[in-house]
2 protein chains.
Amino acid sequence: MDVKTLCLGVLTMGEASGYDIRQYFEKGPFSHFCQAGYGSIYPALAKALDEGLVTCRTESQGGRPDKKMYTITETGEAHLKARLHQPLTPDRIRSDYLVSFLFGGMIEPEHLAKVYDDYHKAFADNAALLSSLECDGVSPGRMFVRELGITMYSSVAKHLSDNREQFLTSVHSGEKS
Amino acid sequence: MDVKTLCLGVLTMGEASGYDIRQYFEKGPFSHFCQAGYGSIYPALAKALDEGLVTCRTESQGGRPDKKMYTITETGEAHLKARLHQPLTPDRIRSDYLVSFLFGGMIEPEHLAKVYDDYHKAFADNAALLSSLECDGVSPGRMFVRELGITMYSSVAKHLSDNREQFLTSVHSGEKS
DNA sequence: GAAAACATATATCAAATCGATATATATCAA
DNA sequence: TTGATATATATCGATTTGATATATGTTTTC
């Protein structure tokens with residue numbers, strides 16, 4: 001799912017600027033399972049405009065750079081719908097933290113404990129964040145991914161709580177690498 | 001954590017070729033939380049060799065291209081260890097499936113059900129795969145990430161089982177987008 | 001009340017990564 | 001024997017990442 005298609009997805013929820021779209025990927029419900037920065041969003045929007053998948057309206061604002069508001073076209077919706085019916089690539093997780101745990105034996109015990117606690121906090125915080133989200137008038141799809149996220153984050157957070165001492169002691173008991 | 005550093009990590013477990021390293025990232029315990037293809041591994045090894053982080057030994061084989069066996073150096077180990085004590089970037093999940101569920105209203109019911117079942121199968125399979133792994137003589141770090149993976153995969157698989165009908169009906173009950 | 005920090009807004013660029021392809025041979029299955 | 005899969009290295013275009021540049025408004029802190 002390339003960034004262009006993801007932008008189309010965001011635009012089905014209403015007119016938005018490149019900056020707005022970035023917010024969806026950084027905060028918002030999207031951020032937990034797809035990311036994109038300005039460096040990919042702006043080129044993607046330019047290409048989408050070029051291909052007639054979106055239209056653009058420039059909104060002048062006092063002082064600040066003009067806001068370019070994008071709206072999805074029928075062609076754009078058709079493109080998104082078609083893409084959603086094509087084969088999907090498997091999920092991909094990138095975790096420096098799990099790599100670190102794998103090589104935990106090479107890390108100073110105090111530092112490893114700190115990293116572990118940070119990791120636990122991140123999962124606990126994400127679970128809490130999703131739980132606190134407003135649910136009124138939210139689409140069933142959004143509701144579903146929210147609940148799946150809560151399940152995932154909280155089960156991992158619990159596992160990390162339950163196995164903290166066991167891991168931190170075993171990883172530094174008389175072995176290398 | 002760039003590919004060069006990840007390669008060093010693999011090499012702490014013993015001498016390996018670029019092809020071998022690829023296997024670790026495609027199958028093996030690594031594949032679940034970091035990925036890398038030939039296009040990033042070979043350049044990374046060349047750079048690591050250039051910087052003295054690894055040494056290289058060419059193994060001739062009848063017919064097939066020569067095998068280049070890489071070994072991590074002390075400098076390489078120091079580099080890896082230093083990296084493991086530096087700040088880590090947060091985990092990142094990319095899921096076309098969750099994007100699809102978010103826009104489930106735009107997908108034909110039969111197709112959405114198929115996608116859903118594929119997704120469930122992927123999690124169930126991964127949980128089973130990790131559970132079936134040999135544990136004799138495995139390092140505590142490897143053991144830990146394996147168990148965390150089992151927890152994560154099976155909790156999500158269970159959630160997907162438990163909420164299948166609810167999701168598939170609600171997403172197509174009189175609404176758009 | 002001034003200074004610093006943060007938010008709004010677009011855009012570009014080098015470096016890293018991804019995904020596909022090329023090359024060559026061995027081995028295993030139909 | 002034909003085709004598919006595995007071993008092995010390597011490159012290349014396209015995409016993505018992460019940082020930076022530019023310019024101004026708003027909010028917080030000293």
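Protein chains get the first letters and strands the later ones, always in sequence-line order, with residue 1 at the start of each.
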Cationic N near anionic O, under 4.0 Å, Lys114(B) to Asp118(B): yes
Distance, rounded to the nearest Å, where Arg57(A) contributes CZ and dT10(C) contributes P: 12 Å
Whole-Å distance separating the CD1 atom of Ile41(A) from the P atom of dT8(C): 14 Å
Whole-Å gap separating P (dT20(D)) and CZ (Arg22(A)): 15 Å
Nearest-nucleotide pick for Tyr42(A), side chain only, options being dT8(C), dA8(D), dA11(C): dA11(C)
Heavy-atom protein contacts under 4.0 Å, nucleotides 14-20 of chain C, coded B base, S sugar-phosphate only, - none: --SSBB-
Spacing between Leu49(B) atom CG and dA10(D) atom C1', to the nearest angstrom: 15 Å
Aromatic plane relationship, Phe123(B) with Tyr119(B) - under 30° parallel, 30 to 60° tilted, over 60° perpendicular: perpendicular
Options dA9(C), dT10(C), dA8(D), nucleotide nearest the side-chain atoms of Lys68(A): dT10(C)
Phosphate OP1/OP2 of dT9(D) contacted by Ser17(B) side-chain N/O (<4.0 Å): yes
Atom CD of Gln86(B) with >12 non-hydrogen neighbours under 6.0 angstrom: yes
Nucleotide dT8(C), atom P - distance to CG of Asp20(A) in whole Å: 9 Å
Separation of dA23(D) P from Asp66(A) CG (nearest whole Å): 15 Å
Minimum side-chain heavy-atom gap Ser31(B)-Phe25(B) below 4.5 Å: no
Min side-chain heavy-atom separation Asp20(B)-Met69(B) under 4.5 Å: yes
Nearest to side-chain heavy atoms of Lys67(A), which nucleotide of dA9(C), dA8(D), dT8(C): dA9(C)
Phe30(B) and Tyr24(B) aromatic ring geometry - parallel, tilted or perpendicular at 30°/60° bounds: perpendicular
Under 3.5 Å: donor-acceptor pair, side chain of Asp50(B), backbone of Ala46(B): no
Atom-pair distance (CG on Asp96(A); P on dT17(D)), nearest Å: 14 Å
Plane angle bin for Phe167(B) and Phe101(B) - parallel if under 30°, tilted between 30 and 60°, otherwise perpendicular: perpendicular
Spacing of Leu6(A) atom CG relative to dT16(D) atom C1', expressed in whole Å: 12 Å
Under 4.0 angstrom between Tyr19(B) side-chain N/O and dT9(D) OP1 or OP2: no
Lys/Arg-Asp/Glu bridge criterion (N-O < 4.0 Å) met for Glu134(A), Arg146(A): no
Helical stems, DNA chain C - three or more consecutive Watson-Crick or G-U wobble pairs below 3.5 Å: C:1-30 with D:1-30
